[in-house]
Asker: 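Take this structure first; my questions come after.
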Amino acid sequence: MEISILGAGSWSTAIAYLLSEKYDVLMYARNPEDTEFINNNHKNRKYLKDFDLPKNIKATSDIQKLFKNRFIVNGIPTQSTRSVIKEFKTYFNKENVYVNLSKGLELESHNRISEIFYQELGKDNSYAILSGPSHAEEVIKKMPTAIVCASNDLKLAKEIQEIFNSDWFRVYTSEDLVGVELGGAIKNTLAFGIGILDGLGYGDNTKAAVITRGINEMNRLLEKFNADPKTLNGLAGVGDLIVTATSINSRNYRTGLLIGQGKNMQDAINEVNMVVEGIPTTKALNQLANQYNLDLPITKEIYKILYENKDPNDSVASLMGRTLKSEF
């Protein structure tokens, strides 16, 4: 069997490497030069470029070719997902299964990836998401990793579980698509906050407080949209927050760290030199909080730092000066 991967970024490359142990892989790269480099040199010249790729990983710049395979793994960033689906929707058929790797909420619409998928392709098409604590840099080194596959179709989730599972990559299943997608979105925003705190030089007490109260905000968000509360305590909730908020491998944490050290948002993004999903998601979450009157104070302060140029130290003061109340 051959599996298609839509995208050639770091996570797509790591997943291609994982799948290549059992299957042939066809990666889509928009730039023909990137395609040629992968096919001729068996390396990705932009991401994880120090790693050799097995020869059964091929690349193409013809998006139509992907759809001869049943499984289409999506590594396209959230904000580009709708336009890419519109581009390929004439090739997508009922036999195809869309397995999403991206995390976040679409700006303006506040839609999750599954909502975008169903709006563009119809409810009767097959969708699943893989989410959880998983740095591409560690997966490609075969470091033990555990994630969750969520789908409204449990039978499909179990099939994907079998495909992706390996000796060093363990996959669990979930039917809570909403909770897994929302958890994967808000944890990126909270990771920014932790990065900013480290950049400012605050200590472990401060970090622990923001992580813990951030989990409380995750709970409010998931509860508002009727997600399963157990998801918060799972790999797509607390698990993903831990890895994203505490590691230099996290592009969201790293961007926050640079902002805390005094760089503006654009300079921080340029230095990280990767798509930072948490930035537009923070804006979408702030809009969502305003729309539904959700109390997400940490998220709101991170929004103000990113989009209103609020001094991060002033945001810390605002959070510490809030009205006193019971913890729960």
Side-chain angles (χ1 to χ4, degrees), residues 1-77 81 84-85 87-102 117 121 125-132 134-145 147 149 151 153 155-171 173:
M1 182 170 71
E2 184 178 68
I3 295 176
S4 296
I5 298 185
L6 191 57
S10 58
W11 192 214
S12 295
T13 302
I15 289 294
Y17 186 88
L18 164 74
L19 291 171
S20 70
E21 290 200 332
K22 295 191 289 185
Y23 309 101
D24 293 334
V25 177
L26 181 64
M27 295 179 70
Y28 170 77
R30 188 176 294 273
N31 187 336
E33 293 179 1
D34 294 336
T35 295
E36 187 177 344
F37 195 90
I38 291 170
N39 289 334
N40 292 339
N41 300 284
H42 307 292
K43 288 178 179 288
N44 188 328
R45 65 178 185 156
K46 293 180 179 176
Y47 304 100
L48 304 175
K49 52 192 176 183
D50 293 333
F51 294 91
D52 294 325
L53 301 178
K55 292 183 179 179
N56 64 332
I57 297 176
K58 306 293 185 185
T60 180
S61 293
D62 183 352
I63 200 169
Q64 184 175 355
K65 289 182 178 179
L66 299 183
F67 296 90
K68 71 178 190 289
N69 297 323
R70 181 176 173 223
F71 288 96
I72 314 296
V73 181
N74 173 56
I76 300 295
T81 293
V84 173
I85 290 178
E87 182 181 346
F88 72 61
K89 67 192 302 181
T90 55
Y91 313 129
F92 196 92
N93 62 72
K94 303 299 182 189
E95 300 303 314
N96 290 130
V97 177
Y98 192 85
V99 184
N100 178 48
L101 304 177
S102 296
F117 173 84
L121 295 170
N125 286 291
S126 299
Y127 175 94
I129 181 173
L130 290 172
S131 189
S134 47
H135 291 313
E137 296 85 352
E138 295 184 7
V139 168
I140 203 166
K141 292 178 182 176
K142 297 187 176 182
M143 293 186 178
T145 300
I147 66 165
C149 176
S151 176
D153 181 350
K155 183 179 177 182
L156 177 64
K158 288 181 177 179
E159 183 179 4
I160 294 168
Q161 177 185 45
E162 290 289 339
I163 290 170
F164 282 80
N165 200 73
S166 78
D167 293 341
W168 45 278
F169 196 83
R170 183 170 174 81
V171 184
T173 60

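Values reported hereafter were calculated over all heavy atoms of this structure, with side chains retained and with hydrogens, waters and symmetry mates removed.
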Asker: If you compare all heavy atoms of N69 against all heavy atoms of N96, which two are closest, and at what distance to 0.1 Å?
Answerer: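 Of all heavy-atom pairs spanning N69 and N96, the closest is O-ND2, 2.8 Å.
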
Asker: Return the CG to OG1 distance between L48 and T13, rounded to the nearest 0.5 Å.
Answerer: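 Reported value, rounded in 0.5 Å steps: 5.5 Å.
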
Asker: Search all heavy atoms of T173 against all heavy atoms of A157 and return the closest pair with its distance.
Answerer: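 Smallest interatomic distance, heavy atoms only, reads CG2-O, 3.7 Å.
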
Asker: Say you draw a straight line from CE of M27 to CG of L6; how long is it, rounded to the nearest 0.5 Å?
Answerer: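 Answer for the CE-CG pair, M27 versus L6, is 10.0 Å.
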
Asker: Looking at K141, I'd like to know if its NZ atom is crowded, meaning that more than 12 non-hydrogen atoms belonging to other residues, nucleotides or ligands lie closer than 6.0 Å.
Answerer: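 Check fails, neighbour count at 12 or below.
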
Asker: Hydrogens and angles aside, do N125 and Y98 bring a side-chain donor and acceptor to less than 3.5 Å of each other?
Answerer: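 N125 vs Y98: no donor-acceptor pair found between side chains.
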
Asker: Report yes or no: does S151 contribute a side-chain atom to a donor-acceptor pair with the main-chain N or O of A128 at less than 3.5 Å?
Answerer: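 Absent.
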
Asker: May I ask you to check whether over 12 heavy atoms, not counting those of K155, lie within 6.0 Å of atom NZ?
Answerer: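 Open.
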
Asker: What's the verdict on side-chain contact (heavy atoms from CB on, under 4.5 Å) for L18 and S166, showing C-alpha distance, side-chain angles and the deciding distance?
Answerer: CA-CA 8 Å; L18 164 74; S166 78; 3.8 Å; yes

Asker: More than 12 non-hydrogen atoms from neighbouring residues, nucleotides or ligands closer than 6.0 Å to CD on E36, yes or no?
Answerer: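 It does not: E36 CD has 12 such atoms or fewer within range.
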
Asker: Please report the shortest heavy-atom distance between Y127 and L156, naming the atom on each side.
Answerer: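 Taking Y127 first and L156 second, the nearest heavy atoms are O-CD2, 3.9 Å.
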
Asker: Check for me whether the distance between the ring centres of F164 and F71 falls short of 6.0 Å.
Answerer: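 Between F164 and F71, the centre distance exceeds or equals 6.0 Å.
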
Asker: Can you tell me how far apart CG (N74) and CD1 (I15) are? Round to the nearest 0.5 Å.
Answerer: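 So the CG of N74 and the CD1 of I15 are separated by 12.0 Å.
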
Asker: Just checking R45: does its CZ atom have more than 12 heavy atoms from other residues, nucleotides or ligands closer to it than 6.0 angstrom?
Answerer: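 For R45, atom CZ is crowded (more than 12 foreign heavy atoms under 6.0 Å).
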
Asker: Under the criterion side-chain contact (heavy atoms from CB on, under 4.5 Å), I'd like the reasoning laid out for Y28 against F88: C-alpha separation, chi angles, the key distance, then a yes or no.
Answerer: CA-CA 12 Å; Y28 170 77; F88 72 61; over 6 Å; no

Asker: When you compare the side chain of E2 with that of K68, does any pair of heavy atoms fall below 4.5 Å?
Answerer: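 K68 reaches E2 side chain to side chain.
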
Asker: Please report the interatomic distance CG(N41) to NZ(K49), rounded to the nearest 0.5 Å.
Answerer: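 That separation rounds to 13.5 Å.
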
Asker: Report yes if some heavy atom in the side chain of K58 is under 4.5 Å from a heavy atom in the side chain of T60; otherwise report no.
Answerer: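 K58 does not reach T60 side chain to side chain.
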
Asker: For a quick test of reading the model, state the closest non-hydrogen atom pair linking A59 to T35 and the distance between them.
Answerer: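 Nearest pair, atom of A59 first, then T35: O-CG2, 3.3 Å.
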
Asker: I want to check something: taking the side chain as every heavy atom from C-beta on, are L121 and K89 in contact at a cut-off of under 4.5 Å?
Answerer: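 In short, these two side chains touch, coming nearer than 4.5 Å.
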
Asker: What class does the angle between the rings of F67 and F92 fall in, given that below 30° is parallel, 30 to 60° is tilted and above 60° is perpendicular?
Answerer: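 The arrangement is perpendicular - the two ring planes meet at more than 60°.
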
Asker: Which residues pass the side-chain contact (heavy atoms from CB on, under 4.5 Å) test with P54, sequence neighbours left out?
Answerer: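 Scan of P54 (side-chain contact (heavy atoms from CB on, under 4.5 Å), adjacent residues dropped) gives Y17, S20, N56, I57.
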
Asker: So, does K43 use its side chain to make a donor-acceptor pair with the main chain of N40 at under 3.5 Å?
Answerer: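 It does not hold such a pair.
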
Asker: Are V171 and I160 side-chain neighbours, meaning at least one heavy-atom pair lies under 4.5 Å?
Answerer: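 SC-SC contact between V171 and I160 ruled out.
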
Asker: Okay, side chain of K22, backbone of N165: is any donor-acceptor separation there less than 3.5 Å?
Answerer: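 Answer holds: yes.
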
Asker: With the side chain counted from C-beta on, respond yes when D153 and S126 share a heavy-atom pair under 4.5 Å apart, and no when they do not.
Answerer: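 SC-SC contact between D153 and S126 ruled out.
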
Asker: Mind listing the closest non-hydrogen atom pair of I76 and G7 along with its distance?
Answerer: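 Shortest heavy-atom contact: CD1-CA, 4.1 Å.
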
Asker: Report yes if some heavy atom in the side chain of F169 is under 4.5 Å from a heavy atom in the side chain of E21; otherwise report no.
Answerer: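 A side-chain contact is absent here, since even the closest heavy-atom pair is not under 4.5 Å.
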
Asker: Quick one: do I163 and I3 satisfy side-chain contact (heavy atoms from CB on, under 4.5 Å)? Show the steps, please.
Answerer: CA-CA 10 Å; I163 290 170; I3 295 176; 3.7 Å; yes

Asker: Any side-chain heavy atom of V139 sitting closer than 4.5 Å to one from W11?
Answerer: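 Touching, per the 4.5 Å side-chain cut-off.
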
Asker: Between L130 and C149, which heavy-atom pair has the shortest distance, and what is it?
Answerer: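 Looks like CD2-CB, 3.6 Å.
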
Asker: Does D167 have more than 12 heavy atoms from other residues, nucleotides or ligands lying within 6.0 Å of its CG?
Answerer: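 No, not enclosed.
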
Asker: Taking atom CG of N44 and atom CZ of F51, what is their separation to the nearest 0.5 Å?
Answerer: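 So the gap between those two atoms works out to 11.5 Å.
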
Asker: From S61 OG over to D34 CG, what is the distance, rounded to the nearest 0.5 angstrom?
Answerer: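 S61 OG to D34 CG: 7.5 Å, rounded to 0.5 Å.
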
Asker: Does any N or O in the side chain of T145 come within less than 3.5 Å of the main-chain N or O of M143, such that one atom is a donor and the other an acceptor?
Answerer: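 Answer holds: yes.
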
